[in-house]
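Here is the structure we will look at, set down as structure tokens.
Chain letters run A, B, ... following the sequence lines, proteins first and then strands; every chain starts at 1.
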Amino acid sequence: MPELPEVETIVRCLRRHIVGLEVAAVRVPFRPVVRNRRAAFLNGFVGRRVLGLRRRGKMIILDFSGGLTMIVHLKMTGQLLFGPARAPRDRHTHLVLAFRGSGMELRYHDVRKFGFIRGTMTSDAERAPELRGLGPEPLTMDLPAFLHRLKGRRGRLKSLLLNQKVIAGLGNIYADEVLFESRLDPRAEVTRLGPRRLQRLWSSIQHVLNEAIAYKGTTVRDFRDGEGLEGLFQNRLKVYGREGVPCPRCGTAIKRIRVSGRGTHFCPRCQRR
DNA sequence: GCCACTGTTAGCAT
DNA sequence: CATGCTAACAGTGG
């Protein structure tokens with residue numbers, strides 16, 4: 001669920017609330033959510049202040065004083081929620097950062113338990129296994145860099161867009177939306193695409209992701225920002241989750257097929273190889 | 001109740 | 001190395 005625009009929305013939201021706060025306690029009700037060999041590493045965060053939040057692909061990165069960093073991945077159903085410590089916690093809350101004096105805390109909540117948190121030294125964060133090997137950020141990658149990145153790649157266009165080692169941050173929803181916007185068939189062989197089509201693809205990535213961020217992300221089911229609020233972009237989706245609905249461009253019914261194992265929505269008339 | 005399906009990706013097979 | 005499939009988990013809907 002949380003792809004680049006959702007993660008960016010969470011980061012911007014939480015920045016306003018937790019930068020400057022001091023960690024009073026770290027609680028880990030569900031140990032497997034912590035990727036560190038020793039969960040006790042997280043005790044080192046007590047007494048540290050939040051210096052800032054960053055996003056890398058779909059990862060949330062929290063930097064603390066004392067040269068400490070937390071890397072968070074929400075996978076499908078994870079949420080990072082800032083709220084009053086007194087609010088009841090349910091059984092899906094797997095990690096809690098309590099903040100000194102404020103009566104507030106940050107909770108990692110994840111129904112399916114696919115997500116994780118790793119504590120690292122800030123200086124080592126870029127080399128953490130989860131960040132190492134991630135592709136470039138799509139929104140700061142110019143067209144020549146994009147073309148260079150795709151050079152020599154094979155396979156279906158859709159699986160290329162989903163490959164985090166190629167470009168970081170796109171998931172199933174935005175891959176489908178980007179492909180619709182660029183009028184390309186998700187099944188197309190990457191090697192067969194000419195420069196005009198690739199340019200269209202690049203500019204659609206910029207456009208769709210920026211729009212989705214402006215609308216604070218897509219809530220299909222689980223996505224919430226740091227305050228628990230839903231996104232607004234679900235109202236603007238053109239193909240994702242719209243099987244059978246007329247294409248907004250030509251009126252043909254949107255199709256849903258399976259491409260490299262993923263549900264894929266597209267317009268069979270507008271989107272050509 | 002049972003079965004199929006779900007937004008991600010690590011790990012294994014090819 | 002690169003690319004492709006599946007399991008990890010829990011909840012939802014048919």
Can you run through DNA chain C from 5' to 3' and write each base as (, ), [, ], | or . depending on how it pairs? Watson-Crick or G-U wobble, both distances under 3.5 Å.
.|||||||.|||||
In whole Å, what is the span from the [atom1] atom of [X] to the [atom2] atom of [N]?
{"X": "A:Leu162", "N": "B:dA10", "atom1": "CG", "atom2": "P", "value": "14 Å"}
{"X": "A:Phe233", "N": "B:dG7", "atom1": "CZ", "atom2": "C1'", "value": "15 Å"}
{"X": "A:Arg262", "N": "B:dC5", "atom1": "CZ", "atom2": "C1'", "value": "13 Å"}
{"X": "A:Arg112", "N": "B:dT8", "atom1": "CZ", "atom2": "P", "value": "10 Å"}
{"X": "A:Met59", "N": "B:dG7", "atom1": "CE", "atom2": "C1'", "value": "15 Å"}
{"X": "A:His73", "N": "B:dG7", "atom1": "NE2", "atom2": "P", "value": "14 Å"}
{"X": "A:Asp110", "N": "B:dT8", "atom1": "CG", "atom2": "P", "value": "13 Å"}
{"X": "A:Tyr174", "N": "B:dG7", "atom1": "OH", "atom2": "C1'", "value": "10 Å"}

Decide whether A:Leu106 and A:Leu42 are clustered together by the hydrophobic rule: side chain heavy atoms of Ile, Leu, Val, Met, Phe, Trp, Tyr closer than 4.5 Å, transitively.
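Looking at the clustering, A:Leu42 is in the same group as A:Leu106.
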Applying a strict under-4.5 Å side-chain criterion to I, L, V, M, F, W and Y, I'd like to know whether A:Phe41 and A:Val33 cluster together.
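A:Phe41 clusters together with A:Val33.
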Sticking with atom P, work out how far B:dA4 lies from C:dT6, rounded to a whole angstrom.
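Here B:dA4 and C:dT6 have their P atoms 14 Å from each other.
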Please state the P separation for the pair C:dT12 and B:dT9 - nearest whole angstrom.
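Result for the P pair: 23 Å, nearest Å.
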First and last nucleotide of DNA chain C in contact with chain A, 5' to 3', at under 4.0 Å to a heavy atom: what are they?
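With heavy atoms of chain A under 4.0 Å away, the range is C:dT3 to C:dT12.
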Taking all atoms of both residues into account, what is the closest heavy-atom pair of A:Cys13 and A:Gly226, and its distance?
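Closest approach of A:Cys13 to A:Gly226: SG-N, 3.6 Å.
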Name the orientation class of the two ring planes belonging to A:Phe233 and A:Tyr174 (parallel below 30°, tilted from 30 to 60°, perpendicular beyond 60°).
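Taking A:Tyr174 first and then A:Phe233, their aromatic rings sit tilted (interplane angle of 30° to 60°).
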Would you mind classifying the nucleic acid contact of A:Thr77 as base, sugar-phosphate or nothing, using non-hydrogen atoms under 4.0 angstrom?
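If one applies the 4.0 Å heavy-atom cut-off, A:Thr77 turns out to touch nothing in the nucleic acid.
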For B:dT8, does OP1 or OP2 lie under 4.0 Å from any side-chain N or O of A:Lys58?
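Yes, such a contact exists.
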Assess the side chains of A:Asp110 and A:His94: does a donor N or O sit below 3.5 Å from an acceptor N or O?
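A:Asp110 vs A:His94: no donor-acceptor pair found between side chains.
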What distance do A:Arg12 atom CZ and A:Asp225 atom CG have between them, rounded to the nearest 0.5 Å?
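Between A:Arg12 CZ and A:Asp225 CG, I get 12.5 Å after rounding to 0.5 Å.
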Give me the residues of residues 144-158 of chain A where at least one heavy atom lies under 4.0 Å from an atom of DNA chain C, by number, or none.
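By residue number: A:Arg153, A:Arg154, A:Gly155.
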